[in-house]
Every structure is written in C-alpha cells, then in structure tokens.
Novice: 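Take a look at the following structure, please.
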Amino acid sequence: MSFSLWSLRQGLASGRIVRSMMLATALFLFGAGSLVAQTIATYDFEGGTAEGWSSFYGASTPAATNAAAYTGSSSLLTTTSSTGTGGPSISLNSVLLPGAQYTITGWVKLASGATSANANFSMVRIDASGTNYDTIGGYQIAVTDSGWAEIGGAYTPSTTETSLDLYAQLVGATSAVGFYLDDVIITETAPPPSGSMIASYIFNGSTDGWFGFGNP
C-alpha cells in the first residue's frame, strides 16, 4: 500500500511538472508570436499614383511612371532641385509608433544618363529635443542608371516624437538629377515598450486617415 501511495504521489508530481512545462511553452509561444515581424506599409506605385508621396526640399513633384520598375510595372520618379537637393517624402505620423522597432527599405535607380551617385533614406523627426534628421541604414549607398540599389535599414522612433517624415535623397549631387524609387516596405520588428503611446493624431498638414462618418 505504501508503495502504491508513493507511486501515486510521484505520478501527481510528474503531472504537475508536465502541466507547468506545457503552460510555460504556451506562454513562450504566445510571447514569441507577438514579436513576429509584420509588414505595416508598402508603397509599390502600381496603382498609377504617388500614393501620398510629395516633394521635399525643392525636388519636383513625385509621379508614378512606367519608365522603370524594380518589380511590377511602375515606380516613383522624382527630380532633385537644380542644386541636387531634395527628393520624394511621405508623412509617417500615423504609421510608426513611438518606441517601436522597424525596418524601412526601398529600391533606387537613377534616370537614364544620370551620373553615378549615392542615396539614402532619412527621417525628419520632431520630438522633445527639437527637429532632427536621422539617416536610416547606410548614408551613402551607390546608385547608377543601370541597376537598382536597396537603401534603408533599422529605425526606432523616439518615445517623445510628434512628427515623422521619411524622404529619399541623393548624396553628393550638384545639379538636377532624376531618380526612381520603388517597393518601399515598412516592417515592424518589435512593438513599442509597455505603457508607450500607440497612436498620435496631430493633423500636421493632413487628416491622418480620419474621414467623415454618417452625414457630417
């Protein structure tokens, strides 16, 4: 009888251990699932529009074109200012969350006949420290008119940011240069820290996605 009781106790203990391990595994998998990277925005310009991109720092108004494409049949064409500055830009105020972690990538190619140059993605960030310019990924990525080059990299907005504007630019250009941008993909790789603000609508020149409901 004592042996059977001992066996029963051992069996119950083993059951508790197994259940604890199963619970720990489930919690781990649940937590891991919440950290899976997810694409939150894609700009491929296949619809024939600029998809919200606008001119930054003297560049021409960006326009969708079928003259070149990294994938599909369309891309975004922009020409820098006469001194080589500027490029296409888009507000990410309602797209990126303060403190979350992202990768932002895109593909650039120079217009036919343009001299080789360098390019990058940068972010105009306004937060508690003022207006800042953050380079995303490599500062000087070589680009030509004969092939596509990927720009961008990891980016984490500050937890106090109030405005974010992404733009693509050429580095070192001194005259007007046309270039294509295609397949811009923004992926969230980690959520914002616990307790951080998850959305902000400051209406800095746009409706930030708000629209009329009913009969306003």
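Side chains are part of it too, since the values below use all heavy atoms of this structure and drop only hydrogens, waters and symmetry mates.
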Novice: In terms of hydrophobic clustering (I, L, V, M, F, W, Y; side-chain heavy atoms under 4.5 Å; direct or indirect links), are Y167 and L76 co-clustered?
Specialist: no
Novice: Sequence neighbours left out, cut at 3.5 Å: what donor-acceptor pairs do the side chains of residues 51-61 make with other protein atoms?
Specialist:
unit_1 : atom_1 : unit_2 : atom_2 : d
E51    : OE1    : D44    : N      : 3.4
E51    : OE2    : F45    : N      : 3.0
S55    : OG     : A59    : O      : 2.5
S60    : OG     : T79    : N      : 2.8
S60    : OG     : T79    : O      : 3.4

Novice: Can you name the nearest heavy-atom pair linking P98 to S158, along with the distance?
Specialist: CB-O, 3.5 Å
Novice: Linking I/L/V/M/F/W/Y whenever any side-chain heavy atoms sit under 4.5 Å apart, do L166 and V95 land together?
Specialist: yes
Novice: Roughly how far, to the nearest 0.5 Å, is the CD1 atom of I90 from the CG atom of L164?
Specialist: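 Output value for this atom pair is 12.5 Å.
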Novice: Ignoring hydrogens, what is the shortest heavy-atom contact between A142 and A149? Give both atom names and the distance.
Specialist: O-CB, 3.4 Å
Novice: State, to 0.1 Å, how close S129 and N132 come at their nearest heavy-atom pair, and which atoms those are.
Specialist: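 Looks like OG-ND2, 3.1 Å.
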Novice: How far apart are the closest heavy atoms of F179 and P88, and which atoms are they?
Specialist: CZ-CD, 3.5 Å
Novice: Answer with yes or no whether the side chains of E46 and S73 bring together a donor and an acceptor at under 3.5 Å.
Specialist: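 A donor-acceptor contact under 3.5 Å links the two side chains.
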Novice: Indicate, with yes or no, if M123 and L181 share a hydrophobic cluster defined by side-chain heavy-atom contacts under 4.5 Å among Ile, Leu, Val, Met, Phe, Trp and Tyr.
Specialist: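 In one cluster with L181: M123, yes.
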Novice: Pairs in or reaching into residues 122-140: which pass salt bridge (Lys or Arg N to Asp or Glu O under 4.0 Å), with residues at least two apart or in two chains?
Specialist: R125-D127, R125-D134
Novice: Could you work out the complete set of other residues in the hydrophobic cluster of Y139, with links drawn between I, L, V, M, F, W and Y side chains under 4.5 Å apart?
Specialist: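 Taking Ile, Leu, Val, Met, Phe, Trp and Tyr as members, Y139 shares its hydrophobic cluster with V171.
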Novice: Taking all non-hydrogen atoms of both residues into account, name the closest pair between P216 and G212 and its distance.
Specialist: CG-CA, 3.8 Å
Novice: Is there a donor-acceptor contact under 3.5 Å from the side chain of T189 to the main chain of Q101?
Specialist: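 Between the backbone of Q101 and the side chain of T189 there is a qualifying donor-acceptor contact (under 3.5 Å).
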Novice: For residues N120 and Q169, is any side-chain donor paired with an opposing acceptor at under 3.5 Å?
Specialist: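 A pair is found: one side chain offers a donor N or O, the other an acceptor, under 3.5 Å apart.
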Novice: Per the side-chain contact (heavy atoms from CB on, under 4.5 Å) rule, which among V143, T65, D145 passes with Y180?
Specialist: T65
Novice: Got a second to check how far I151's CD1 is from T135's OG1, nearest 0.5 Å?
Specialist: 11.0 Å
Novice: Counting only pairs under 3.5 Å, give me each side-chain donor-acceptor contact of residues 103-112, with atom names and distances, residues two or more places apart or in other chains.
Specialist:
none

Novice: Step through the shown structure and confirm whether more than 12 heavy atoms of other residues, nucleotides or ligands are within 6.0 Å of OH on Y133.
Specialist: no
Novice: Determine, step by step, whether T39 and I186 satisfy the side-chain contact (heavy atoms from CB on, under 4.5 Å) criterion, reporting the C-alpha distance in whole Å, the side-chain angles of both residues, the deciding distance to 0.1 Å, and the verdict.
Specialist: CA-CA 6 Å; T39 299; I186 302 177; over 6 Å; no
Novice: May I have the step-by-step check of side-chain contact (heavy atoms from CB on, under 4.5 Å) for I141 and N118, ending in yes or no?
Specialist: CA-CA 5 Å; I141 305 300; N118 296 293; 5.9 Å; no
Novice: For the CG atom of N66 and the CG atom of L77, what is their distance to the nearest 0.5 Å?
Specialist: 11.5 Å
Novice: Is the shortest side-chain heavy-atom distance between V184 and F121 below 4.5 Å?
Specialist: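 Yes. Closest side-chain heavy atoms under 4.5 Å.
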Novice: Which pair of non-hydrogen atoms, one from A37 and one from T187, has the smallest distance, and what is that distance?
Specialist: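 Heavy-atom minimum between the residues: CB-CG2, 3.8 Å.
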Novice: Report yes if some heavy atom in the side chain of I40 is under 4.5 Å from a heavy atom in the side chain of Q38; otherwise report no.
Specialist: yes
Novice: Going by the side-chain hydrogen bond (donor to acceptor under 3.5 Å, both in side chains) test, which pairs reach into residues 81-90, not counting sequence neighbours?
Specialist: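 side-chain hydrogen bond (donor to acceptor under 3.5 Å, both in side chains) check on residues 81-90 returns S81-T83, S81-T85.
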Novice: Between I136 and L96, is there a shared hydrophobic cluster once you connect ILVMFWY residues whose side-chain heavy atoms come closer than 4.5 Å?
Specialist: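 They do share one cluster, since a chain of ILVMFWY contacts under 4.5 Å joins I136 to L96.
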Novice: ring-ring contact (aromatic ring centres under 6.0 Å, His included): which pairs involve residues 75-105, sequence neighbours left out?
Specialist: none
Novice: Using atom types as modelled and distance alone, determine if a side-chain donor or acceptor of S75 lies under 3.5 Å from a backbone N or O of A68.
Specialist: yes
